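I have placed the structure first, in the form of structure tokens, so that the comments after it can refer back to it.
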Amino acid sequence: MNVYYPPLSDRLAAEYVLGTLHGLARRRFERLLPAHPALQRAVADWERRLNRLVAASAPVPPPPVWQRLERRLFPTEPRRRWWDSLAFWRGLAVAGVLAAVVAVAPRLALPPGEADMNFAAIRGKQREVLWTVALTDGNRLLHVSNLRPMTMPPDQRCFLWLKTGDRPPLMLGALPDDGSARTLNMPADMPRPNQGDLWVSMQPASDPAPPAHPLYETRWQAL
Amino acid sequence: MTSRDSLVDLLARCALRDRRAFEALYQQSAPVLHGLLLKLTRDRELAADILQEGFVRIWQRAADYRPHLGQPLTWMGAIVRRLAIDRLRRGDYRHRAELSDDGWALVADHGPGPEERVHAEHGDAALARCLETLEPEPRRAVALAYYEGLTHELIARRLERPLGTIKAWVRRSLQRLKTCLGEA
């Protein structure tokens, strides 16, 4: 598409904002957008025109979303348990016990969802363990531990997603890449985070859209 | 400081990862965005869900906001509306109220109160007035796209008209809206 031809770019921007530009055309348009200020301006103009009703929408007190939002974006340090210890996970990995635990786990395991703790190891291309992930406290806390500091391209981060069936993946959070561990609070409304596969994507930190394919992929093991 | 300045300011501080600014931004803008989402989804649970998702994006993308391109509320509204359209397209609603005959009627039903009319004249009402100038069927096509996130194909099926007709209606209607809003 020739985005330098103003009538066309205006028309595309209008249909993009309205929502009728979709599929391949929308994805192409969104790829062009960051590099074309004229296109950005046309989109902003149409958003101003068509989204006038935003500013004029009658305010309605929001439901108690803030607490959930805060827990999701700014998780606080919870009480520490044995499985919270980074040293514990490192010890496992270094000793090579991790592989044994994962191998044995299915035999010990309760069905996923019934277990006290779900565990997953995310492995790199050489089968090396990059992160360990543990889901505890009735699926409310997700402990992620980066076992080896990684060199990331500028502005890129790794994100952890839950992929269930045909639905687009749901973001669980950003993964540490500096050898640290962190605990994420799962949104209260997330259905059974221990079901489904875990996907890892590498994406611009500012725009982690649900990925179509994972960079790495793994499954939960119940412990 | 006007409220516009303060939202711009809050977004700028969010881009610098200032959590207190984010909380203030939420307090100031969540009610309006929630009102918009109720209008779009007519489903309380889904609206709450998208509101949360929307603020996650607003926090993540605060650095992308460009004050010279538009008002903060328009920018945030576009983010939540796009999320709403994606969810509606996935058929992701459970408790949605019955569809009304004409999506734009909603604007009138839940329109601003008297104290907001001055504000609305520059917003909602101007758009609603311009929509009134469109023929009923093309207006309905635009409404179905805007409020329900329907594609050309789905609008054609809903209105039982050929795809080419729908595309032409939408294109012409947008052009007429632009002219009517005094910006052709």
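Throughout, protein chains are lettered first and strands after them, A, B, ... in sequence-line order, and every chain is numbered starting at 1. What you see is a predicted model; the values in this text were computed from it and never measured.
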What part of [X] is in contact with chain A, defined as an atom under 4.5 angstrom from a non-hydrogen atom: side chain, backbone, both or neither?
X         : result
Leu174(B) : both
Leu150(B) : backbone
Glu23(B)  : both
Ala63(B)  : neither

### Message
Met171(A) vs Val56(B), test: side chain to side chain contact (heavy atoms under 4.5 Å, CB included). Steps then yes/no.
### Response
CA-CA 11 Å; Met171(A) 191 200 283; Val56(B) 169; 5.7 Å; no

### Query
Looking only at atom types and distance, does a side-chain atom of Arg81(B) sit under 3.5 Å from a main-chain N or O of Val17(A), one as donor and one as acceptor?
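Present.
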
Do [X] and [Y] have side chains that get closer than 4.5 Å, going by heavy atoms?
X        : Y        : value
Glu45(B) : Pro63(A) : no
Tyr26(B) : Leu69(A) : yes
Arg72(A) : Gln52(B) : yes
Glu70(A) : Arg19(B) : no

### Which atom of Ala145(B) lies closest to which atom of Thr20(A), heavy atoms considered
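Heavy atoms of Ala145(B) and Thr20(A) come nearest at CB-CG2, 3.5 Å.
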
### Message
So which atom in Val65(A) and which in Ala48(B) form the shortest heavy-atom distance, rounded to 0.1 Å?
### Response
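Looking at all heavy atoms of both residues, the closest pair is CG2-O, 3.7 Å.
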
Distance, nearest 0.5 Å, that separates [atom1] of [X] from [atom2] of [Y]:
X         : Y         : atom1 : atom2 : answer
Gln175(B) : Arg11(A)  : CD    : CZ    : 10.0 Å
Ile85(B)  : His22(A)  : CD1   : NE2   : 12.0 Å
Leu131(B) : Leu50(A)  : CG    : CG    : 8.5 Å
Asp45(A)  : Leu181(B) : CG    : CG    : 11.5 Å

Report which part of [X] has an atom under 4.5 Å of a heavy atom belonging to chain B: side chain, backbone, both, or neither.
X         : result
Pro210(A) : side chain
Pro208(A) : side chain
Pro61(A)  : backbone
Arg157(A) : neither
Leu73(A)  : side chain

### Query
Quick one: of Glu53(B), Lys167(B), Arg66(B), who has the most non-hydrogen atom pairs under 4.5 Å with chain A?
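Top option by heavy-atom pairs under 4.5 Å: Glu53(B).
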
### Query
Taking everything shown except Asp155(A) itself, do over 12 heavy atoms lie less than 6.0 Å from its CG?
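No, CG of Asp155(A) has 12 or fewer neighbouring heavy atoms, counting only those of other groups under 6.0 Å.
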
### Message
Quick check on Arg219(A): does its CZ atom have over 12 non-hydrogen neighbours (other residues, nucleotides or ligands) under 6.0 Å away?
### Response
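Open.
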
### Task
Can you sort out the partners of Tyr216(A) under ring-ring contact (aromatic ring centres under 6.0 Å, His included), two or more places apart, ordered by chain and number?
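Tyr216(A) satisfies ring-ring contact (aromatic ring centres under 6.0 Å, His included) with no other residue.
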
### Message
According to side-chain contact (heavy atoms from CB on, under 4.5 Å), who are the partners of Ala141(B), at least two apart in sequence or on a separate chain?
### Response
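Expected list: Ile155(B), Leu159(B), Trp169(B), Val170(B).
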
### Query
Counting heavy-atom pairs under 4.5 Å to chain B, which of Pro64(A), Pro204(A), Ala44(A) comes out on top?
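Heavy-atom pairs under 4.5 Å are most numerous for Ala44(A).
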
### Query
Between Glu47(A) and Arg82(B), is the closest basic N to carboxylate O distance under 4.0 Å?
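Salt bridge present between Arg82(B) and Glu47(A).
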
### Task
Using the six-membered ring wherever Trp is involved, compare the ring planes of Phe22(B) and Trp66(A) and label them parallel, tilted or perpendicular (cut-offs 30° and 60°).
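Aromatic pair Phe22(B)/Trp66(A) classed tilted.
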
